[in-house]
Asks: 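One structure coming up, written as structure tokens, with questions to follow.
Numbers restart at 1 for each chain; the letters A, B, ... are given by sequence-line order, proteins then strands. Atoms considered below: every heavy atom in the structure, side chains included; atoms not considered: hydrogens, waters and symmetry mates.
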Number of protein chains: 2
Amino acid sequence: MRRLVAVDWGTSSLRGALIESDGQVLEERSFARGILSVPAGEFPSVFESCFGAWMAPGTLCLISGMAGSQQGWREAPYCACPAGFGDIAAQLEWVEPGRIAIVPGLSVDSGGVPDVMRGEETQVFGALQLLGLDNTRLVLPGTHSKWVTVIDRRVTDFSTWMTGELYALLRQHSILARTLPAGDPAPDASAFDQGVGHALRGPGLLNTAFSTRTLSLFKRLPTDALPSYLSGLLIGEELKAQTLQRGESVVVMGAEALTARYEQALAQLGVSVQRVGAGATWRGLRAIADTLTIA
Amino acid sequence: MRRLVAVDWGTSSLRGALIESDGQVLEERSFARGILSVPAGEFPSVFESCFGAWMAPGTLCLISGMAGSQQGWREAPYCACPAGFGDIAAQLEWVEPGRIAIVPGLSVDSGGVPDVMRGEETQVFGALQLLGLDNTRLVLPGTHSKWVTVIDRRVTDFSTWMTGELYALLRQHSILARTLPAGDPAPDASAFDQGVGHALRGPGLLNTAFSTRTLSLFKRLPTDALPSYLSGLLIGEELKAQTLQRGESVVVMGAEALTARYEQALAQLGVSVQRVGAGATWRGLRAIADTLTIA
């Protein structure tokens with residue numbers, strides 16, 4: 001069992017952890033060096049400057065996230081779903097054999113239309129270990145939310161939802177930006193619930209988004225409530241499409257404030273939430289490292 | 001029967017026509033003087049500079065569109081639906097009594113959520129007269145598409161769809177902008193159909209929009225086909241929500257290229273299209289003027 005440098009290298013951020021063989025996280029670092037900020041050919045030097053001090057002889061480094069994309073350090077071909085923990089552990093893309101490897105993302109094909117993830121697979125497998133779950137649905141809310149179905153510890157299906165990005169586009173660049181307040185008023189839980197409810201009953205976002213404007217025009221919602229209402233519309237639209245059963249439980253993994261919003265929205269559907277503590281990515285990468293040592 | 005100066009004063013454009021008492025259009029003019037370009041208080045002088053020469057003594061002017069909004073010349077309160085031609089003709093907002101009036105827009109309330117239109121009501125009533133229809137559904141595609149239900153020549157219901165605006169936001173400001181071509185390649189009818197089909201079968205725009213990226217990533221669609229594919233996704237999403245019946249016919253009123261796209265998309269649902277020639281707004285305003293003269 002070797003020390004591990006676990007790295008989550010995304011589009012806009014770079015995080016790392018030095019992890020002892022027993023799983024203890026000794027130190028964490030983060031940098032504003034997402035892959036979009038790294039010119040081609042400079043990944044080795046950025047890696048060395050950020051984590052070189054941790055790479056004592058015999059130390060292993062595993063990297064998950066967009067570093068394995070075409071625009072990243074080295075392309076790590078997607079594992080096709082259904083895929084389990086063992087599949088991604090067996091298909092590492094070695095940048096330096098025995099020393100630095102990139103974890104592959106997952107792909108799925110639904111009627112000729114592909115979907116992809118990079119980084120979330122490691123979070124998901126880490127979460128399954130942390131929670132001791134074999135079968136569940138998980139949502140990783142964010143700019144591009146992922147909904148993931150796990151059966152017998154394998155990811156059998158997943159889908160991407162541009163929820164956070166559409167919220168930002170409507171908030172900043174659409175006609176609604178003229179109606180919405182310039183700053184960020186305190187979240188309004190009631191307006192958020194109203195947005196979720198309208199989305200769940202409504203005919204689709206292209207129509208319901210416009211109600212943000214008309215409810216303001218008719219003075220049925222105060223200006224400071226509109227961002228929360230719009231957020232509810234977007235998240236409600238995402239949830240509406242998931243065919244969730246009343247009484248079901250889903251795992252929500254994300255930033256605290258966003259997780260709380262999803263929990264509030266899911267309550268309207270009678271769906272309960274199981275949260276995952278921080279560190280699912282580190283747990284996932286540590287588990288892959290252990291597989292290698294055993295092998 | 002008096003000569004009419006018919007004006008369509010929208011958010012970004014100003015158009016006018018001088019119309020003889022028998023309906024003949026003598027002259028048309030258009031200006032880049034939408035209401036957003038007119039400072040408060042300057043509507044009379046802009047009107048005078050654009051159309052003053054047409055306003056011989058005894059001439060009537062009727063204005064439809066956003067000139068009747070809170071940010072316009074004078075607010076013309078909405079007529080609540082169901083509303084017929086006679087209702088809007090009876091609720092003109094007179095800027096100069098007997099000489100210049102603004103046509104009110106329509107509002108509808110669906111479970112506490114209002115929707116509004118300004119200008120489209122005049123186009124719709126003009127189209128009903130041009131086509132000799134008493135009962136139909138109409139769509140006015142655009143930045144904010146309107147779907148309108150007419151029963152016994154009254155608008156009983158309508159809804160707004162931010163289809164064109166969402167297309168532009170996704171095209172220009174989203175992550176998809178990195179994948180889409182910079183210029184405007186020739187329309188690709190096959191990719192458009194593929195987008196419509198995926199939207200009709202898919203779980204919602206928040207998800208299907210992402211396929212624009214993955215189909216490109218997996219080289220299943222060439223870059224130049226992506227704008228048409230995305231357009232198909234947006235229009236398909238709008239149509240999916242309309243509960244259209246196979247064999248039904250709808251009236252489509254809009255710019256030629258956009259009308260053709262809707263016709264192509266509606267064909268996938270087995271819905272046929274009835275088009276309206278240019279001039280529905282002028283016909284609607286002339287008909288309102290005739291009501292006044294008769295009264």
Asks: Rounded to the nearest 0.5 Å, what separation is found between the OH atom of B:Tyr262 and the CG atom of B:Leu239?
Replies: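 CG of B:Leu239 is found 6.5 Å from OH of B:Tyr262.
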
Asks: Using side-chain heavy atoms (C-beta onward) and a distance below 4.5 Å, is A:Glu75 in contact with A:Glu93?
Replies: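 Not touching, per the 4.5 Å side-chain cut-off.
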
Asks: What residue in B:Leu170, B:Val113, B:Thr208, B:Thr143 has the most heavy-atom pairs under 4.5 Å with chain A?
Replies: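 Heavy-atom pairs under 4.5 Å are most numerous for B:Val113.
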
Asks: Please name the pair of heavy atoms, one in A:Ile35 and one in A:Met66, separated by the smallest distance, quoted to 0.1 Å.
Replies: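 Minimum heavy-atom separation between A:Ile35 and A:Met66: CD1-O, 3.6 Å.
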
Asks: So which part of A:Gln70 gets closer than 4.5 Å to some heavy atom of chain B, the side chain, the backbone, both or neither?
Replies: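 For A:Gln70, side-chain heavy atoms alone lie under 4.5 Å from chain B.
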
Asks: Can you tell me how far the CG atom of A:Asp115 sits from the CG atom of B:Asn207, to the nearest 0.5 Å?
Replies: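 Spacing of CG (A:Asp115) from CG (B:Asn207) equals 6.5 Å.
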
Asks: Determine which residues belonging to residues 159-168 of chain A lie within contact range of chain B, meaning some heavy atom pair is under 4.5 Å apart, and list them by number or answer 'none'.
Replies: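 Against chain B, the residues of residues 159-168 of chain A that fall inside the cut-off (heavy atoms, under 4.5 Å) are A:Ser159, A:Thr160, A:Trp161, A:Met162, A:Thr163, A:Glu165, A:Leu166.
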
Asks: A:Phe218 versus chain B, heavy atoms under 4.5 Å apart: side chain, backbone, both or neither?
Replies: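 Just its side chain gets close to chain B.
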
Asks: In terms of heavy-atom pairs under 4.5 Å with chain B, which of A:Ser211, A:Ala209, A:Ser174 leads?
Replies: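 If we count pairs closer than 4.5 Å to chain B, A:Ser174 comes out on top.
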
Asks: Determine whether A:Val148 and A:Val150 make a side-chain contact, defined as any pair of heavy atoms from C-beta on separated by less than 4.5 Å.
Replies: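 Sidechains of A:Val150 and A:Val148: in contact.
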
Asks: Has B:Arg33 got its NZ or CZ under 6.0 Å from the middle of the six-membered ring of B:Phe43, at an angle within 45 degrees of the ring axis?
Replies: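 Negative - B:Arg33 is either too far from the ring of B:Phe43 or too far off its axis.
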
Asks: Can you tell me how the ring of B:His144 sits relative to the ring of A:Phe210, calling it parallel under 30°, perpendicular over 60° and tilted otherwise?
Replies: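 The rings of B:His144 and A:Phe210 stand perpendicular, inter-plane angle above 60°.
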
Asks: Considering only heavy atoms from C-beta outward, does the side chain of B:Ser216 approach that of B:Leu221 to under 4.5 Å?
Replies: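 They are not in side-chain contact.
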
Asks: Among A:Gly204, A:Gly202, A:Gly112, A:Ser107, single out the residue with the greatest number of heavy-atom pairs under 4.5 Å to chain B.
Replies: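 Option with the top pair count is A:Gly112.
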
Asks: Taking only heavy atoms into account, what residues of residues 175-183 of chain B are found under 4.5 Å from chain A?
Replies: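 Against chain A, the residues of residues 175-183 of chain B that fall inside the cut-off (heavy atoms, under 4.5 Å) are B:Ile175, B:Leu176, B:Arg178.
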
Asks: Is it true that the side chains of B:Ser145 and B:Glu238 contain a donor and an acceptor less than 3.5 Å apart?
Replies: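 There is such a pair between these side chains.
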
Asks: For A:Arg154, what residues pass the side chain to side chain contact (heavy atoms under 4.5 Å, CB included) criterion, not counting sequence neighbours?
Replies: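 Listed in chain order: A:Pro82, A:Asp87.
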
Asks: Grab the two heavy atoms, one from A:Cys79 and one from A:Ala83, that are nearest each other, plus how far apart they are.
Replies: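 Closest approach of A:Cys79 to A:Ala83: CB-CB, 4.4 Å.
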
Asks: What closest approach, in Å, do B:Ala76 and B:Pro104 show between heavy atoms, and which atom pair accounts for it?
Replies: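 Here B:Ala76 and B:Pro104 meet closest at CB-CA, 4.0 Å.
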
Asks: To the nearest 0.5 angstrom, please state how far the CG atom of A:Leu215 sits from the NE2 atom of A:His198.
Replies: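 With rounding to 0.5 Å, CG (A:Leu215) is 7.0 Å from NE2 (A:His198).
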
Asks: Quick one: does B:Met253's side chain get under 4.5 Å of B:Val139's, heavy atoms only?
Replies: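 Contact flag for B:Met253/B:Val139 side chains = no.
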
Asks: Is A:Thr243 in contact with chain B via its backbone, its side chain, both, or neither, using a 4.5 Å heavy-atom distance?
Replies: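 When you check distances to chain B, no heavy atom of A:Thr243 falls under 4.5 Å.
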
Asks: Going by residue number, which parts of residues 223-237 of chain B are within reach of chain A, meaning a heavy-atom gap below 4.5 Å?
Replies: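 So the qualifying residues are B:Leu234, B:Glu237.
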
Asks: Contact between A:Val155 and A:Glu121 at the side-chain level, heavy atoms closer than 4.5 Å - yes or no?
Replies: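 Side-chain contact under 4.5 Å: no.
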
Asks: With a 4.5 Å cut-off on side-chain heavy atoms, are A:Arg261 and A:Pro141 touching?
Replies: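 No, their side chains stay 4.5 Å or more apart.
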
